[in-house]
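Reviewing the structure listed below.
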Amino acid sequence: MLVQLEAVRQPAAEPTSVRVRSAAGSAVVRWQHGAGRAAVGEHHIEWTVDEDIAWPGNTCAAAACTPEVREDGPHIVFRGRLSLTEDGAAFLDVAGASILFDLAGSPPDGADGSWVEVRAARGRVSVWPHRY
């Protein structure tokens, strides 16, 4: 996903965070490339979310069928189209970026191919530089 990254002020002891701005929205998340070296400018990135998809916990049907990334208090919310795999994994397509998740339990009928929102704690979401 091609995004614009902006530096975020923070205490020195905390992990480096950046504001990610994309066509799908904006959020402040951890930057996973070099301690203390925040990237600024245009970058291709990959999302990592260290939470499983769980119904009805952190995942629900989306009210709108448009991709979105946004902050909601202590959470980052991703809205996208869900694809389920036979081996218990899921991919969420958010504006062309594919985010990999594990499934915690069985998804509801009709979940494959549907639009969903997944909420993840901010500290469990990070971005990595993607190199071609």
Side-chain angles (χ1 to χ4, degrees):
M1 173 181 264
L2 183 61
V3 300
Q4 194 68 28
L5 297 181
E6 300 171 359
V8 174
R9 287 185 170 222
Q10 61 204 18
E14 292 188 18
T16 301
S17 294
V18 293
R19 174 162 298 280
V20 178
R21 293 191 186 277
S22 73
S26 172
V28 173
V29 298
R30 287 186 299 175
W31 172 245
Q32 297 289 352
H33 182 65
R37 292 186 349 198
V40 175
E42 193 171 79
H43 293 271
H44 288 276
I45 56 105
E46 292 183 14
W47 294 93
T48 299
V49 181
D50 293 326
E51 286 194 21
D52 295 346
I53 286 183
W55 279 273
N58 67 350
T59 305
C60 64
C65 296
T66 56
E68 183 179 39
V69 176
R70 73 176 188 277
E71 298 176 59
D72 185 15
H75 296 96
I76 306 298
V77 179
F78 297 94
R79 184 189 313 141
R81 188 179 298 266
L82 187 67
S83 296
L84 303 175
T85 67
E86 292 180 11
D87 62 351
F91 290 92
L92 187 66
D93 182 327
V94 180
S98 192
I99 305 171
L100 175 64
F101 289 91
D102 287 325
L103 296 175
S106 298
D109 290 339
D112 191 28
S114 68
W115 284 86
V116 299
E117 285 191 358
V118 180
R119 284 180 139 36
R122 180 185 312 275
R124 301 190 63 118
V125 178
S126 56
V127 292
W128 297 78
H130 180 75
R131 295 187 189 354
Y132 287 98

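In this chain, numbering begins with 1 at the start of the sequence shown.
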Problem - Backbone N/O of Gly73 and side chain of Arg122: donor-acceptor pair under 3.5 Å - result: yes
Exercise for the section: Check whether any side-chain heavy atom of Leu84 lies under 4.5 Å from a side-chain heavy atom of Pro107, and answer yes or no. Expected result: yes
Exercise for the section: Answer whether the closest heavy-atom distance between the side chains of Glu42 and Leu2 falls below 4.5 Å. Expected result: yes
Practice task
Would you mind reporting whether Val18 and Val127 have side-chain heavy atoms less than 4.5 Å apart?
Solution key: yes
Handout entry: Hydrophobic cluster membership, Ile53 vs Val77, 4.5 Å side-chain cutoff
Key = no
Exercise for the section: Might you point out which heavy atoms bring Ala95 and Pro67 nearest each other, and give the distance in Å? Expected result: N-CB, 3.4 Å
Problem - Heavy-atom side-chain proximity of Asp50 to Phe101 below 4.5 angstrom - result: no
Handout entry: Non-hydrogen atoms of Val94 and Gly80 that approach each other most closely
Key = CG2-CA, 4.3 Å
Problem - side-chain contact (heavy atoms from CB on, under 4.5 Å) between Asn58 and Glu51, worked out - result: CA-CA 9 Å; Asn58 67 350; Glu51 286 194 21; 3.5 Å; yes
Exercise for the section: Test Ser22 against Met1 for side-chain contact (heavy atoms from CB on, under 4.5 Å), laying out the working first. Expected result: CA-CA 8 Å; Ser22 73; Met1 173 181 264; 4.1 Å; yes
Practice task
State plainly whether the residues Arg19 and Glu71 are in salt-bridge range, i.e. N to O under 4.0 Å.
Solution key: yes
Problem - Min side-chain heavy-atom separation Ser126-Val29 under 4.5 Å - result: no
Exercise for the section: Evaluate side chain to side chain donor-acceptor pair (under 3.5 Å) for Trp128 paired with Thr48, printing each intermediate quantity in order. Expected result: CA-CA 8 Å; Trp128 297 78; Thr48 299; 3.1 Å; yes
Practice task
Identify the two heavy atoms, one from Leu82 and one from Ala90, that lie closest to each other, and give their separation to 0.1 Å.
Solution key: CD1-CB, 3.8 Å
Fill in the blank from the handout: Taking every heavy atom of Ala104 against every heavy atom of Asp52, the minimum-distance pair comes out as CB-CB, 3.8 Å
Exercise for the section: Please say whether more than 12 non-hydrogen atoms of neighbouring residues, nucleotides or ligands are located less than 6.0 Å from CH2 in Trp115. Expected result: yes
Exercise for the section: Find out whether Arg124 and Val49 are in side-chain contact, i.e. whether some heavy atom of one side chain is under 4.5 Å from a heavy atom of the other. Expected result: no
Problem - Min side-chain heavy-atom separation Val20-Leu5 under 4.5 Å - result: yes
Practice task
Hey, can you tell me if Trp47 and Phe78 have their rings parallel, tilted or perpendicular (30° and 60° cut-offs)?
Solution key: perpendicular
Exercise for the section: Side-chain contact test, heavy atoms from C-beta onward, threshold under 4.5 Å: evaluate it for Ser98 versus Asp93 and give yes or no. Expected result: no
Fill in the blank from the handout: Contacts satisfying side-chain hydrogen bond (donor to acceptor under 3.5 Å, both in side chains) that involve residues 76-91 (not counting sequence neighbours) are Thr66-Arg79, Glu68-Arg79, Arg79-Glu117, Thr85-Asp87
Exercise for the section: Starting at OG of Ser26, measure out to CD of Glu6 and round the result to the nearest 0.5 Å. Expected result: 7.0 Å
Completion exercise
So CZ of Phe91 and CG of Asp112: to nearest 0.5 Å the spacing works out to 12.0 Å
